[in-house]
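Below is one structure, written out as structure tokens; comments come after it.
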Protein chains: 2
Amino acid sequence: MARRSRAEMLEETRAKLIDAARAAFAEKGYAGASMDELTARAGLTRGALYHHFGDKRGLLAAVVDRLDNEMAARAHEIGQRHTNAWEGLLAEGGAYIELARDPEIQRIVLLDGPAVLGDPSQWPSQNRCLLATMTTLEALVAEGIVKPVDVEAAARLVNGAALNAALWVAASDDADVLARATDAFRQLASGLLALDPSTSPS
Amino acid sequence: MARRSRAEMLEETRAKLIDAARAAFAEKGYAGASMDELTARAGLTRGALYHHFGDKRGLLAAVVDRLDNEMAARAHEIGQRHTNAWEGLLAEGGAYIELARDPEIQRIVLLDGPAVLGDPSQWPSQNRCLLATMTTLEALVAEGIVKPVDVEAAARLVNGAALNAALWVAASDDADVLARATDAFRQLASGLLALDPSTSPS
DNA sequence: TAATTGCACATACGCCGTGTATGTCAAATT
DNA sequence: AATTTGACATACACGGCGTATGTGCAATTA
């Protein structure tokens with residue numbers, strides 16, 4: 001093992017803390033997670049935590065940022081697979097719904113995050129998710145596939161509907177709610193389509 | 001003043017605690033609100049609280065239940081004003097968006113509630129909101145105005161979109177976001193309409 | 001290369017808040 | 001009138017967060 005530079009150690013410590021916090025928050029919830037236990041599991045103490053993140057809330061922000069970026073990247077990648085831009089948008093929304101089945105994302109991003117950090121639409125990471133949807137929508141509007149809607153407003157609502165559906169799917173034991181949710185999502189989203197039956201598959 | 005019976009005193013105490021908690025949770029947030037301070041402001045102690053509600057979480061549940069019922073009643077009333085059922089549905093959604101501008105509802109129902117009590121779709125009160133939307137949708141489907149969609153799924157998504165839009169409106173200082181959000185909401189909701197141009201106003 | 005500065009942590013302390021166990025007193029029951 | 005029930009108050013113990021302080025190693029500077 002080569003000896004690590006100071007900067008490398010720093011980043012490694014941050015990563016260890018974020019990973020441990022991610023697991024602890026997901027398991028116990030934000031309020032239920034103890035900083036002592038959390039840091040001990042990472043082989044550190046609370047001193048490191050307050051040094052790097054300021055307070056418990058700062059740590060949550062870092063965890064949320066990471067999770068949110070992972071979500072955005074994954075959803076965007078799925079959306080890109082489709083040559084049809086409209087199907088790409090739908091797939092992106094469906095991807096959010098599926099991603100939110102992950103207990104970590106449910107608990108940390110969808111439940112504790114908003115309560116502790118405030119409205120998600122103000123998070124930098126959420127803006128990245130939103131921006132992805134907005135650019136997709138922008139293109140669809142330019143192509144005339146989607147009505148000339150307020151792109152930001154539409155993107156926020158679409159994302160919101162998807163995330164809310166995700167909570168429903170997550171809370172339900174029934175297996176086919178996922179399909180029901182995604183179907184309903186497609187129906188709703190079709191409200192954005194320009195009134196041309198040929199572009200909307202029956 | 002007539003002397004109060006025991007049952008009357010009990011209900012009055014509960015009401016005082018719920019009112020005080022409502023104010024405290026709205027102002028300080030759930031985690032930031034102290035039970036000692038909260039009960040003292042109501043002229044009581046924590047003893048009364050734990051006796052009636054079991055724990056802090058139980059108190060929040062009671063507050064949320066009350067707020068949620070108020071929301072549902074108000075939104076439903078607004079929806080009923082319209083003779084046109086479709087416009088009633090849209091108005092109901094718009095009413096949710098406006099209601100959520102209330103800081104109490106934002107903080108307690110939309111932010112802290114889900115984090116502490118879990119997914120809103122599992123709350124008894126939320127089910128009442130949902131049921132209202134579902135019955136409206138059911139009627140619209142029966143009339144052929146709305147596609148034969150999965151009513152529960154559609155209702156959940158519609159409600160989710162509205163509440164999410166509400167958070168956006170609430171977090172934004174800009175005055176016209178409310179109009180932008182409601183417009184986008186109408187666009188989205190129109191995706192549920194049967195494909196008959198005559199029923200959807202241009 | 002020796003002295004010094006700075007930074008990444010660890011340690012120790014105080015404060016506050018929750019939950020529970022116990023006590024008290026009035027009202028309802030008999 | 002005696003007893004019981006229940007609605008609340010009081011007292012205590014436990015744990016967690018934030019901060020102030022200490023420590024040792026790495027990066028500078030001469």
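Treat the numbers as computed from the prediction; the structure is a model and nothing was measured.
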d([atom1], [X]; [atom2], [N]) in whole Å:
X: E37(A); N: dC14(D); atom1: CD; atom2: C1'; value: 16 Å
X: Y50(A); N: dG16(D); atom1: OH; atom2: P; value: 12 Å
X: Y30(A); N: dG16(D); atom1: OH; atom2: P; value: 14 Å
X: L17(A); N: dC9(C); atom1: CG; atom2: P; value: 8 Å
X: F53(B); N: dA7(D); atom1: CZ; atom2: C1'; value: 13 Å
X: K56(A); N: dG17(C); atom1: NZ; atom2: C1'; value: 13 Å
X: D36(B); N: dA9(D); atom1: CG; atom2: P; value: 12 Å
X: L38(A); N: dC9(C); atom1: CG; atom2: C1'; value: 16 Å

Are OP1 or OP2 of [N] and a side-chain N or O of [X] less than 4.0 angstrom apart?
X: T45(A); N: dT11(C); answer: no
X: S34(A); N: dG15(D); answer: no
X: H51(B); N: dC8(D); answer: no
X: H52(B); N: dA7(D); answer: no

Go through S125(A) and N69(A) one step at a time and tell me if the side-chain hydrogen bond (donor to acceptor under 3.5 Å, both in side chains) criterion holds. CA-CA 6 Å; S125(A) 52; N69(A) 280 331; 5.5 Å; no

Over all strands shown, is A31(B) touching base, sugar-phosphate only, or nothing at heavy-atom distances under 4.0 angstrom?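 Counting heavy atoms under 4.0 Å across all strands, no contact is made by A31(B).
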
Across the strands shown, which category fits A40(B) at heavy-atom distances under 4.0 angstrom: base, sugar-phosphate, nothing? nothing

Heavy atoms, side chains only, cut-off 4.5 Å: are D65(A) and W123(A) in contact?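 The answer is no; the side chains never approach within 4.5 Å.
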
Does any non-hydrogen side-chain atom of L59(A) lie less than 4.5 Å from one of F25(A)? yes

By nearest heavy atom, map R14(B) and R46(B) onto DNA chain D; which one lands nearer the 5' end?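 In this pair, the answer is R14(B).
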
Quick check for you: among dC17(D), dC9(C), dA9(D), whose closest atom lies nearest to any side-chain atom of T13(A)?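 Among dC17(D), dC9(C), dA9(D), the one nearest the side chain of T13(A) is dC9(C).
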
Closest to the L44(A) side chain, choosing from dC9(C), dG18(D), dT18(C):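 From the listed options, dC9(C) comes nearest.
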
Taking only Lys NZ, Arg NE, NH1 and NH2, and the carboxylate oxygens of Asp or Glu, determine whether R107(B) and E27(B) approach each other closer than 4.0 Å. no

Is the count of non-hydrogen atoms from other residues, nucleotides or ligands lying under 6.0 Å from R128(B) atom CZ greater than 12?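 Yes, because the 6.0 Å sphere around CZ of R128(B) holds more than 12 heavy atoms from other groups.
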
